[in-house]
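Some notes on the structure that comes next.
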Amino acid sequence: MTPKEEIEQLRKELELHNYNYYVLNQPTISDYDFDQMMHKLEDLEMFYPQYADPNSPTQRVGSDLSQSFKAVAHKYPMLSLANTYNEGEVRDFYNRVKEGLEGEEFEICAEMKYDGLSISLTYVDGELVQAVTRGDGVKGDDVTNNVRTIRTIPLKLREGSGYPHEFEIRGEILMPWTSFEKLNEERAKREEPLFANPRNAASGTLKSQSSKVVAQRGLDAYLYYILGDEIPADSCHYENLQMAASWGFKISQGMRKCKTVEEVLDCIEYWDEERKNLPVATDGIVLKVNSLRQQRHLGYTAKSPRWAIAYKFKAERACTRLNEVTYQVGRTGAVTPVANMSPVQLAGTVVKRASLHNADVMRELDLHIGDMVYVEKGGEIIPKVVGVDTSQRSADMEPVRFARLCPECGAELVRFEGEAAYYCPNDSACPPQIKGRIEHFISRKAMNIDSLGPETVDDYYQRGLIRNVADLYTLTVAAICGYNKNRVRSAQKVVDGVRATLQVPFERVVFAVGIRFVGETTAKLIARHFKSMEALRNATVEQLMEVDGVGMVIAESVVKYFQDPVNADIIDRLAGYGVQMQLSEEQLSAQTDKLAGKSVVISGVFQKHSRDEYKAMIEQNGGKNVGSISKKTSFVLAGDNMGPSKLEKAQSLGVEIVSEEEFLQMLE
């Protein structure tokens, strides 16, 4: 067998095993044997690069190279579906179809409505050539490289299965519950914002600039509609999807053909309960006329097809016993109450803990230990307690009182004016805050030391290697390794990662040191206003409040931070180690006030620069980036395909629309 033949044979076998494992859930070989085959293919492809193939199974691991997404026009527009929420509206839809088909018999295909990100996949000669997001329905982003890492999407279709020369298949990219919970646990440890739900997590992942990140997050995909010139005009939707399954696609679970509206309603009732056992998030049932010929006859409205509708489920709620309220201390010292409950099944997972948000929410709920509480998980990050069944409360139950002392260090909690949360003020000696501030310092948007993580920070803290962020710069390979010489390589990566932060710009340093209430945007504004750490640490409350967006609370927090001798020592040590403590000469020379006092909204797709680059230009020239249009908006920087709702609002408020070329001329 020649090397080329061996490579092709291995690819075929690995794709078959991928299909058996990820689509059918019926693996036929062990993980070890699969890995051995994969390693052999990787070695062959490395020695024979002339046989490279972007659809090889080895490419599913992705790349950590940054990429940009090109806007692509859809061959067939991706329209949204009309929504319905009750039985009456389902009956109305059924009757409209019956009337539109003038009494002709028809079938309704009922299938799960998956709560993910819509995707359109194009195949030519059985190979994936392009993957495009829904976008605005007319254009979407080309995310082919990222989609290639999703193992339930076939890169090559099964040989001899009868697929057309070219076709498009649409579906949803999803993040399974298990992957979602694992991802949020990791983000929580790093004190990063949690994803609100699996849909947001899937969307954020698919738009990652690194396909390697996409590969690591365990996305899934279900396909639900086929289009193409070679699809028989008189075929049926249900049968087409069964055919797609034979080609290698993972199709909608529990599809059912219904001949009467009663059968449709029975299907809805069944899945309203059974969906709780599915591995992915669903939020309804999609109803489609099965015949493609009848679909064409019924046609479309301006926004949606007349032959399909989505029935949306109500948010799930469960009732369980409140056993205890505990308190968590975050990086900023904010104390969050958490309800610990008897386990209950909710939205695909077993729930034992739920957020109580803050003292005000607790007071409104009037909680008592032992209460039967109602819990919802309607698109929230974690479940929340939404009510109490007081009819089941007995007289001897103890009311819940918010903690007076920090559960970690015992300091008396404080509440700042205008803040809903209570805080532990002992920020320089409270262990969760110390470790949290270090984890914040090393995070991606701060100093970006990716060789360190929450577990490593905790390990170094427990071993006494670090007690604050400045201690990171004293780490040595010998100290990290201790008696374990197997740690040398990883220890060197940590030391190199810390050294690389000496090039991190001053704006990110201000964000990284973790001043309470100073987020990424505020840090940029403060850094650009004061230009150096020395000027910032000597600033008064009044001077700080001159910065756009800085109010009394932030200003007082900044002053208090620098008045703390522990923090002042950390800043001095960081400066001594070579961390950037002022804006660079290049930044200073590029700063202008051409957009001073102007609030700018960015919308659309741009040709000459990315959205992030334009945001940086706006800030560099004294302007302010804002997310939504209002009367205070100075102008909208509009690229191609500007969002229709933003365009309509800008026109109604008389806000100026500025093109990409006009904006660049403004800055010349």
Side-chain angles (χ1 to χ4, degrees), residues 180-181 184-185 187-189 191-198 200 314-347 349-427 430 432-433 436 516-517 519 551 553-554 557:
F180 173 67
E181 288 167 357
N184 264 353
E185 283 173 10
R187 293 175 74 86
K189 287 177 183 176
E191 290 263 335
E192 294 178 356
L194 303 187
F195 283 112
N197 48 51
N200 288 8
K314 294 181 177 66
E316 286 192 55
R317 174 181 287 202
C319 189
T320 188
R321 185 182 188 274
L322 175 66
N323 297 321
E324 182 186 18
V325 175
T326 55
Y327 300 87
Q328 295 178 336
V329 183
R331 171 185 68 83
T332 62
V335 178
T336 303
V338 178
N340 295 266
M341 310 166 298
S342 298
V344 63
Q345 185 81 12
L346 185 66
T349 56
V350 175
V351 171
K352 294 185 285 188
R353 291 157 57 84
S355 173
L356 292 170
H357 299 294
N358 54 53
D360 293 341
V361 171
M362 278 179 53
R363 192 180 305 111
E364 289 171 10
L365 289 168
D366 184 29
L367 293 172
H368 288 59
I369 298 299
D371 270 340
M372 296 303 293
V373 295
Y374 294 108
V375 189
E376 279 190 5
K377 198 176 181 182
E380 292 297 316
I381 300 170
I382 60 174
K384 62 180 180 180
V385 175
V386 295
V388 181
D389 184 356
T390 54
S391 67
Q392 299 192 56
R393 180 183 293 168
S394 59
D396 60 344
M397 288 183 179
E398 287 288 324
V400 179
R401 303 280 183 245
F402 199 89
R404 188 176 61 83
L405 303 177
C406 174
E408 296 288 343
C409 69
E412 188 168 347
L413 302 180
V414 298
R415 190 173 186 177
F416 298 101
E417 185 178 348
E419 286 287 309
Y422 277 88
Y423 289 85
C424 170
N426 188 20
D427 55 3
C430 184
Q433 293 190 69
R516 183 171 287 161
F517 307 130
V553 172
I554 295 176
S557 179

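Remember, it's a predicted structure, so these values are computed and weren't measured experimentally.
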Locate the shortest heavy-atom distance separating [X] from [Y]; write the atom from each residue and the value.
X      : Y      : result
His357 : Thr336 : O-CG2, 4.1 Å
Glu408 : Pro432 : CG-CG, 3.2 Å
Glu412 : Pro425 : O-CD, 3.3 Å
Leu322 : Ala339 : CD1-CB, 3.6 Å
Val325 : Pro337 : CG1-CB, 4.2 Å

Exercise for review: List in chain and number order the residues that pass side chain to side chain donor-acceptor pair (under 3.5 Å) with Gln392, two or more places apart in sequence or in another chain; answer none if no residue qualifies.
Suggested key: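 If we apply the side chain to side chain donor-acceptor pair (under 3.5 Å) test to Gln392, skipping adjacent residues, the hits are Asp389.
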Exercise for review: Not counting sequence neighbours, which residues clear side chain to side chain donor-acceptor pair (under 3.5 Å) with Ser342? List them please.
Suggested key: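 Partners of Ser342 by the side chain to side chain donor-acceptor pair (under 3.5 Å) criterion, ordered by chain and then number, come out as Asn323.
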Considering only heavy atoms from C-beta outward, does the side chain of [X] approach that of [Y] to under 4.5 Å?
X      : Y      : result
Val335 : Leu413 : yes
Thr326 : Glu324 : yes
Asn340 : Lys352 : no
Ser355 : Pro383 : no
Val329 : Pro407 : yes
Leu367 : Val388 : yes

Exercise for review: Mind running side-chain contact (heavy atoms from CB on, under 4.5 Å) on Leu365 and Val385 for me, showing each step along the way?
Suggested key: CA-CA 9 Å; Leu365 289 168; Val385 175; 4.0 Å; yes
Review point. Could you state the interatomic distance from CG (Asn426) to CD (Gln433), rounded to the nearest 0.5 Å?
Key: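 Nearest 0.5 Å value for the CG-CD distance: 7.0 Å.
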Check your understanding: Between atom OG1 of Thr390 and atom CE of Met372, what is the distance when rounded to the nearest 0.5 Å?
Key ->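 Those atoms lie 12.5 Å apart.
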**Study point:** Partners meeting salt bridge (Lys or Arg N to Asp or Glu O under 4.0 Å) with Arg321 (sequence neighbours left out)
**Key:**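 With sequence neighbours excluded, Arg321 shows a salt bridge (Lys or Arg N to Asp or Glu O under 4.0 Å) to no residue whatsoever.
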Exercise for review: Under the side chain to side chain contact (heavy atoms under 4.5 Å, CB included) rule, collect the residues that match up with Asn358, sequence neighbours excluded.
Suggested key: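 Checked Asn358 against side chain to side chain contact (heavy atoms under 4.5 Å, CB included); matches are Asp360, Val361, Ala420.
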**Study point:** Within residues 386-421 or reaching into it, pairs that qualify as ring pair (Phe, Tyr, Trp, His ring centres under 6.0 Å) - sequence neighbours excluded
**Key:**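 As it turns out, the ring pair (Phe, Tyr, Trp, His ring centres under 6.0 Å) pairs with a partner in residues 386-421, which skip direct neighbours, are Tyr327-Phe402, Phe402-Tyr422, Phe416-Tyr423, Phe416-Phe517.
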Review point. Can you pull the salt bridge (charged side-chain N to carboxylate O under 4.0 Å, His left out) pairs that have at least one residue in residues 393-407, sequence neighbours excluded?
Key: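 Sorted pair list: Asp366-Arg393, Asp371-Arg393.
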Review point. Val375 and side-chain contact (heavy atoms from CB on, under 4.5 Å): which partner among Arg317, Met341, Arg353?
Key: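 So, applying the side-chain contact (heavy atoms from CB on, under 4.5 Å) to Val375 and each of Arg317, Met341, Arg353, only Met341 qualifies.
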